[in-house]
Colleague: 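My questions will all concern the structure given below.
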Amino acid sequence: MELIITFIQKAIGQGIAILFGATGEIATEKSGNLNLGIPGIMYMGGISGLMGSFFYELGHQNPSPGVGALIAVVCTLVASALGGLIYSVLTITLRANQNVVGLALTTFGTGFGNFFGGSISKLAGGVGQISVMTTASAFQKKLPGLSELPVIGPVFFSYGFLTYLSIVLSVLMFLFLNRTRMGLNLRAVGEDPATADAAGINVSAYKYAATISGAAIAGLGGLYFVMEYLGGTWTNNGFGDRGWLAIALVILALWNPLSAVWGSIVFGGLYIIYIYIPGLNRAAQELYKMLPYLVTIIVLVITSKRNKEEKQPPASLGSSYFREER
Amino acid sequence: MEEYAIELQGVTKSFGSVLANDHVNLTLKKGEILAILGENGSGKTTLMNMLSGIYFPDEGTIRINGKEVVIRSPRDAFELGIGMVHQHFKLINVFTAAENIILGLEGKNILSRRDMEKEVAEKIRQIAEKYGFDIDPYQKVYNMSVSQKQTVEIIKIIYRGADIFILDEPTAVLTPQETKKLFAVLRNMQEAGKSIIIITHKLNEVLEISDRVAILRKGKSIREIRTSGAVAEFLTEMMFEGKTFLDINRSEPEDRGVRISMEGVSVRAADGVLKLDNVSFKVSAGEILGVAGISGSGQKELVEAIAGLQKAETGKIVYYPPEGEAKLLSSMAPSEISKTGVKLAFVPEDRLGMGLVGSMDLTDNMMLRSYNEGKGFFADRRAPRELAEDVVKKLEVVTPGVNTPVRRLSGGNVQKVLVGREIASSPTVLMVAYPARGLDVSSAYTIYNLLNEQKEAGAAVICVGEDLDVLLELCDRIMVLSGGKLTGIVDARSASKEDIGMLMIGEGMKQ
């Protein structure tokens, strides 16, 4: 029993970073932009939040956890939105190839994270020495009272505020996309920008807004990992391939933010299940780590077989739009 | 001044070195239906796109209701009360009719189901009732027929409160009955005081629906005249001034023996639907066999089965070459079939979808047929280049040169390139589907005469068409498909349009 509760806890812990990334990527893809820069943007978001709070704590005798957390969140949002802005300018205004720009951005973002992570490690006195314990404590603060309940407590209430924020964001994203006029317009832009344009929708504005806010949301996933998951420290390449899992999750969830919520927990569980299976050697562990991708492929195969129109990716995903093209 | 809804003066637009509109003048009176006639590439669509905000004019002035305006975007256009139904519908497939109609409109941001029903769906139904449309606001666009989609487009414009309507070739994809319905709706709209511009190639429709006709030639406006005084011949003469006019010279077919015989062939689509149901027929060398039917009755599957692109589930397709042994096509790969001289020129709804690659130039597109000929490691570019130049000259393709990407050409010219390439390989069996779709009269006749040449040269020609008048004039025999079944084969010289119409809706053979 205890083992199962721990497993669920850890699965959720793994899943939340991926969920942020997936929610952001869904918003982006619904506008027709396939932002493969999300893994890099999550690195940028993570390290920026960490840097912000690191310098805050460095400069104050008695840093306050609340202020530290606020600084971290703002730094993260700004840095990852900036990543989204770079991507938007290149693909929307200059109409560069989305895949190339995205992959370049991921390479850049990972390097950005590792460079500054290494730099502040040096300032802090050595590898693994960065610690923003005060700020991290704000991120790791559990719900008082509720988290002490047996079983229900650890499973549902033992997490920091970013965990709940990620789920709330996904639900809001779902409502935005499916129940609002702006959501309808955004989906139209992703399906067929020429049609949206002819209907009087400002295609570029929607693409910019969706891509930049999508990147900002994804960046929070990086912050979650650094603060709540790692407890306010940095290891180079520590975030690993979670950014790619986020993109895979978008496909698994079939572009539905609500499905992404349970999907992220499934992914999180599959990602760490090798720890809970006794007697695996290193090689077998690596094979088990493939499971999330394997599941994504299976879902892709099944949905493409079923061929239902609503479950398809946005029709203009990956292509840029120019009104006078002929 | 008040009586004009639209006045265009000296409007000019160029794309690179191509001058699409050259100082065009045009007027639309309030409450009238104006038809715009012109050859392919004469700049009709470009001109209308400037009114609807897709393109921005290089020069010239636009006046709407007497006031000079600048139209920078589609949004500007519909704020001025201009709505356009494009040739390729601007609809989102995964949305419902209602969602498509309110797309981009301002209003309460939250869309609850109740609001959709009370405000949107109700208003749509009112419009439908007023003008005589038939629509379900909650039907998804991907489940709709072409004419239903067009209905959504028109309602979308009315919903937005437009009073100037532009319809770009609205009847090109409609059956005769659907066209009648559309015209009835247009007349209702005219009675309600709307002004309408309609682009069409079909002269009889111009005469039937319009009050005045404006004629464009090579990007210039030629004349505007009252329809009542115009006769078809006069109009065509104005459109193609200086060109000799052509009839389809149908020669008597010479029976030179059967080329293809199909016996009990059934084809099932990927989603399990039976598209072709136990079809048997023969086609001989030296004849043109027309294939008619409501769109989606199995025409595409029929020609694709012969070309080997679709597997026949049952039955067999046999090819009898002029010399040598009969071959069983139904067991051969498409590339082998193509080598035997059976050629398919399929002109799909989007002309670039099949057969041509938009970003490649004319020469490269010619090479798509011949790239695997020759022995060397490098492809031979000279022969396709000559072929491209030949096609350009013979079919009067309007292009800056053979190195221009096909996507830059206008629709009709793209089509000439496609058909020209297939005919050039001197096939023994030539299959064409919608060879003149969207082409103007003179280009269409160029293509029909090419088909006739092929027939006289001894090819068996299968022509899938949608314009019954043309099929009756062009073909020797016409086979009619309905829901994948062969409902009859008639003699094109004696059959009437009504006979074929009955067969199309599956009423069986009239003996």
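Hydrogens, waters and symmetry mates are skipped; everything else that's a heavy atom, side chains included, is used. Predicted model, so just to flag it, every value in this text is computed and none were measured. Just so it is clear: chains get the letters A, B, ... in the order the sequence lines come, proteins before strands, and each one is counted from 1.
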Colleague: Hey, which of B:S112, B:G107, B:S73 has the most heavy atom pairs under 4.5 Å with chain A?
Modeller: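 It is B:G107.
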Colleague: What part of B:E79 gets closer than 4.5 Å to chain A, counting heavy atoms only: side chain, backbone, both or neither?
Modeller: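 Neither part; nothing is under 4.5 Å.
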Colleague: Taking only residues two or more places apart in sequence, or in another chain, which ones meet A:F108 in a ring pair (Phe, Tyr, Trp, His ring centres under 6.0 Å)?
Modeller: A:F112
Colleague: Counting only heavy atoms not in A:Y293, do more than 12 sit closer than 6.0 Å to its OH atom?
Modeller: yes
Colleague: Is the shortest side-chain heavy-atom distance between B:F95 and A:E310 below 4.5 Å?
Modeller: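 Not in contact.
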Colleague: Tabulate, in ascending numerical order, the residues of residues 179-195 of chain A having at least one heavy atom closer than 4.5 Å to a heavy atom of chain B, or enter 'none'.
Modeller: A:R179, A:T180, A:R181, A:M182, A:L184, A:N185, A:R187, A:A188, A:E191, A:D192, A:A194, A:T195
Colleague: Measuring heavy-atom distances to chain A, does B:S52 have an atom under 4.5 Å in its side chain, in its backbone, in both, or in neither?
Modeller: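 Neither part.
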Colleague: List the residues meeting side chain to side chain donor-acceptor pair (under 3.5 Å) with B:E301, not counting sequence neighbours, and say none if there are none.
Modeller: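 Side chain to side chain donor-acceptor pair (under 3.5 Å) check on B:E301 returns nothing, list empty.
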Colleague: B:K108 versus chain A, heavy atoms under 4.5 Å apart: side chain, backbone, both or neither?
Modeller: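 When you check distances to chain A, only backbone atoms of B:K108 fall under 4.5 Å.
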Colleague: What distance separates A:F176 CZ from B:I110 CD1, expressed to the nearest 0.5 Å?
Modeller: 10.0 Å
Colleague: Using heavy atoms and a sub-4.5 Å threshold, report which of residues 196-209 of chain A line up against chain B, by residue number.
Modeller: A:D197, A:A198, A:A199, A:G200, A:I201
Colleague: Look at atom NZ of A:K311 and say whether more than 12 heavy atoms of other residues, nucleotides or ligands are closer to it than 6.0 Å.
Modeller: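 No, NZ of A:K311 has 12 or fewer neighbouring heavy atoms, counting only those of other groups under 6.0 Å.
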Colleague: Please state whether the side chain, the backbone, both or neither of B:L105 comes within less than 4.5 Å of a heavy atom of chain A.
Modeller: both
Colleague: Taking every heavy-atom pair that is under 4.5 Å apart, which of B:N100, B:N93, B:D76, B:L91 has the most such pairs with chain A?
Modeller: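 Between B:N100, B:N93, B:D76, B:L91, the count favours B:L91.
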